[in-house]
Amino acid sequence: MRILITGGAGFLGSHLCDRFIKEGHSVIAMDNLITGKTRNIEHLAGNDRFLFIKHDVTNYIFVEGKLDAVLHFASPASPIDYLTYPIQTLKVGALGTHKALGLAKEKNARFLLASTSEIYGDPLVHPQEESYWGNVNPIGPRGVYDEAKRFAEAMTMAYQRYHEVDTRIVRIFNTYGPRMRLDDGRVVPNFIGQALRGEALTVYGDGTQTRSFCYVDDLVEGIYRLLLSDEKNPVNIGNPHELNIIQFAETINRLTGNPAGLVFQKNKRIEGDPQTRRPDISKARRILGWEPVVSIQDGLRLTIEYFRHQLAVDG
Ligand code: UDP
């Protein structure tokens, strides 16, 4: 296959580039590099099955030659990033999805949208299954991301129904691993960075809010299977192992041997920060035969090693 991955220099996009190259496919990574980094893909430079194009996909996308699949992963994805780039976040979810779908239609390519658990908002149903419509505040600070992704899902379904584009939608839950940016503000890089510097971990609010963290290799496997499957409706991919933020912080302090403990920052929680989040992955298990296999301890050890190296390089 010849595949275009938008957001190909980002955390998830770059891991997808690696996976598709490893399977023998040709990959074009496209990224405007506002949150993506070329160092995530520099090891692929020189591979004759890999091409990087710097481009903002909210503008018309031109790709020469045939394409078998378009994977639309371009978007700021951490709360700090989408608060820093609120307009770009809305534009890439709306205009960028439209352009990427138009390209898939033109090339007769399969299209896969990176959607998110954020479309469930601060959920009133727990765990979240695909049939749940969500509880989202359109005008809150997270609305720029949540509504852009909800619009992107609607646009994808419209292209499927009215233009008969062959589409897939993955709803991605919290994912972590090497190549997350130390400064993206998310809980995983924040906590590991703090722990490696011997600082107290900053727990926002009272730390009773929950998340369920999926190691990136597991996520990529789920996305790979979904792309090759026949499922045209959204599928949750994530790890159902749920922890509250205090438990998560304690796990990181234990794994890094950080004696500095926790510090509670009551006011740092962003309005609309979901109180609970855990994917119901029955559908992925049934349709894709997929479930995560990497434990939180193993995944965090690999991620800690990566950040230790980054801190040594960048300071
Ligand atoms: N969080 C925290 N300390 C931090 C960063 C985040 O306690 O230094 C909390 C945050 O309030 C949220 C959870 O960790 O409840 C996950 O936040 P993240 O930014 O990773 O992503 P989200 O799942 O909210 O999109």
Side-chain angles (χ1 to χ4, degrees), residues 10-12 35 73 75-86 89 93 114-123 126-128 134-137 140-150 171-216 219 236-253 256 258 260-279 296 299-300 303-304 307:
F11 165 48
L12 297 181
T35 58
F73 277 71
S75 179
S78 78
I80 293 292
D81 283 349
Y82 51 75
L83 292 179
T84 310
Y85 304 107
T89 301
S115 185
T116 167
S117 54
E118 280 285 322
I119 67 112
Y120 301 121
D122 191 2
H126 195 71
Q128 293 79 53
N135 176 40
V136 173
N137 174 5
R142 303 173 81 103
V144 295
Y145 184 64
D146 303 8
E147 296 296 2
K149 290 291 189 181
R150 290 169 70 94
R171 291 188 180 148
I172 298 169
F173 283 66
N174 291 68
T175 303
Y176 69 98
R179 301 187 196 156
M180 293 185 98
R181 282 186 2 255
L182 256 175
D183 64 351
D184 87 359
R186 282 189 274 202
V187 68
V188 174
N190 271 15
F191 280 3
I192 296 179
Q194 289 156 353
L196 292 176
R197 291 189 296 263
E199 299 164 7
L201 309 198
T202 53
V203 173
Y204 298 167
D206 64 5
T208 60
Q209 70 270 33
T210 70
R211 293 294 186 275
S212 310
F213 296 96
C214 185
Y215 188 65
V216 63
L219 187 94
N236 289 339
I237 298 285
N239 192 319
H241 179 65
E242 184 179 10
L243 294 170
N244 70 35
I245 295 300
I246 295 174
Q247 294 168 320
F248 187 61
E250 285 168 347
T251 306
I252 289 178
N253 275 341
T256 53
N258 179 27
L262 317 180
V263 55
F264 287 84
Q265 300 188 332
K266 296 267 178 250
N267 302 327
K268 276 270 207 148
R269 247 184 116 184
I270 299 170
E271 181 195 331
D273 182 328
Q275 181 58 29
T276 57
R277 180 181 290 158
R278 169 156 62 102
I296 189 91
L300 281 175
T303 311
I304 289 164
F307 282 126

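Quick caveat: nothing in here was measured; it's all calculated off a predicted structure. We count ligands from 1, going down the list as the structure has it; atoms in each ligand are counted the same way. Numbers here are sequence positions counted from 1.
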Participant: Counting distance only, does the side-chain N/O of Q209 pair as donor-acceptor with the main-chain N or O of G207 below 3.5 Å?
Facilitator: yes
Participant: Quick one: do E118 and R277 make a salt bridge, cutoff under 4.0 Å?
Facilitator: yes
Participant: For atom 1 (N) of ligand 1, what is the nearest protein heavy atom, given as residue, atom name and distance?
Facilitator: Y204 CD1, 3.5 Å
Participant: Check contact between F248 and ligand 1, using heavy atoms of the residue and a distance below 4.0 angstrom.
Facilitator: no
Participant: For ligand 1, which atoms sit closer than 4.0 Å to a heavy atom of R269?
Facilitator: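 Taking each heavy atom of R269 in turn, ligand 1 has 11 (O) under 4.0 Å.
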Participant: Between E242 and T210, does the side-chain hydrogen bond (donor to acceptor under 3.5 Å, both in side chains) criterion hold? Intermediate values first, please.
Facilitator: CA-CA 6 Å; E242 184 179 10; T210 70; 2.6 Å; yes
Participant: Of T256, I252, V187, I246, which is the lone residue that meets side-chain contact (heavy atoms from CB on, under 4.5 Å) with L201?
Facilitator: I252
Participant: Counting each atom of ligand 1 from 1 as listed, which ones have a heavy atom of D273 under 4.0 Å away?
Facilitator: 10 (C), 11 (O), 12 (C), 15 (O)
Participant: For atom 9 (C) of ligand 1, find the nearest protein heavy atom and state the residue, atom name and distance (0.1 Å precision).
Facilitator: Q209 NE2, 3.9 Å
Participant: Is any side-chain N of the basic residue among R211 and D273 closer than 4.0 Å to the acidic one's carboxylate O?
Facilitator: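 Salt bridge: yes.
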Participant: Could you list the atoms of ligand 1 found under 4.0 angstrom from a heavy atom of E118?
Facilitator: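 Ligand 1 atoms under the 4.0 Å threshold to E118: 25 (O).
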Participant: Pick one of side chain, backbone, both or neither for how R186 approaches ligand 1, counting any non-hydrogen atom pair under 4.0 Å.
Facilitator: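 For R186, the contact with ligand 1 is made by both the backbone and the side chain.
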Participant: To the nearest 0.5 Å, what is the distance between CZ (R278) and OH (Y120)?
Facilitator: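 Answer for the CZ-OH pair, R278 versus Y120, is 13.5 Å.
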Participant: Write out the residue and atom name of the closest protein heavy atom to atom 23 (O) of ligand 1, then the distance separating them to 0.1 Å.
Facilitator: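 Nearest neighbour among protein heavy atoms for atom 23 (O) of ligand 1, to 0.1 Å: R211 NE, 2.6 Å.
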Participant: So Y176 and F213, would you call those rings parallel, tilted or perpendicular, with 30° and 60° as cut-offs?
Facilitator: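 Ring orientation of Y176 relative to F213: perpendicular.
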Participant: Show me which atoms of ligand 1 lie under 4.0 Å from any heavy atom of N190.
Facilitator: 4 (C), 5 (C), 8 (O)
Participant: Counting heavy atoms only, which of I246, T202, I80, I245 comes nearest to atom 13 (C) of ligand 1?
Facilitator: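 Shortest heavy-atom distance from atom 13 (C) of ligand 1: I245.
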Participant: Does an N or O from N174, backbone or side chain, lie closer than 3.5 Å to an N or O of ligand 1?
Facilitator: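 It does: an N or O of N174 is found under 3.5 Å from an N or O of ligand 1.
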Participant: Looking at R181 and D81, is any side-chain nitrogen of the basic one under 4.0 Å from a carboxylate oxygen of the acidic one?
Facilitator: yes
Participant: Side chains of T202 and Q194: do they bring a donor and an acceptor to under 3.5 Å?
Facilitator: yes
Participant: Could you walk me through whether T84 and T35 pass side chain to side chain contact (heavy atoms under 4.5 Å, CB included), step by step?
Facilitator: CA-CA 10 Å; T84 310; T35 58; over 6 Å; no
Participant: Under a heavy-atom criterion of less than 4.0 Å, does K268 contact ligand 1?
Facilitator: no
Participant: Tell me: protein heavy atom nearest atom 18 (P) of ligand 1, and distance?
Facilitator: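 For atom 18 (P) of ligand 1, the nearest protein heavy atom comes out as V187 N, 3.8 Å.
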Participant: Can you tell me if S78 contacts ligand 1 (heavy atom of the residue under 4.0 Å from the ligand)?
Facilitator: no
Participant: Heavy-atom contact under 4.0 Å between Q265 and ligand 1?
Facilitator: no
Participant: Does either side chain, that of Q275 or that of T208, offer a donor lying less than 3.5 Å from an acceptor on the other one?
Facilitator: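 Looking only at side-chain atoms, T208 and Q275 do form a donor-acceptor pair, the distance falling under 3.5 Å.
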Participant: Using a strict 4.0 Å cut-off to heavy atoms of V203, name the atoms of ligand 1 that fall inside it.
Facilitator: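 Contacts of ligand 1 toward V203, numbered from 1: 7 (O).
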Participant: Would R142 count as a contact residue for ligand 1, given that I'm defining contact as a non-hydrogen atom of the residue lying under 4.0 Å from a ligand atom?
Facilitator: yes
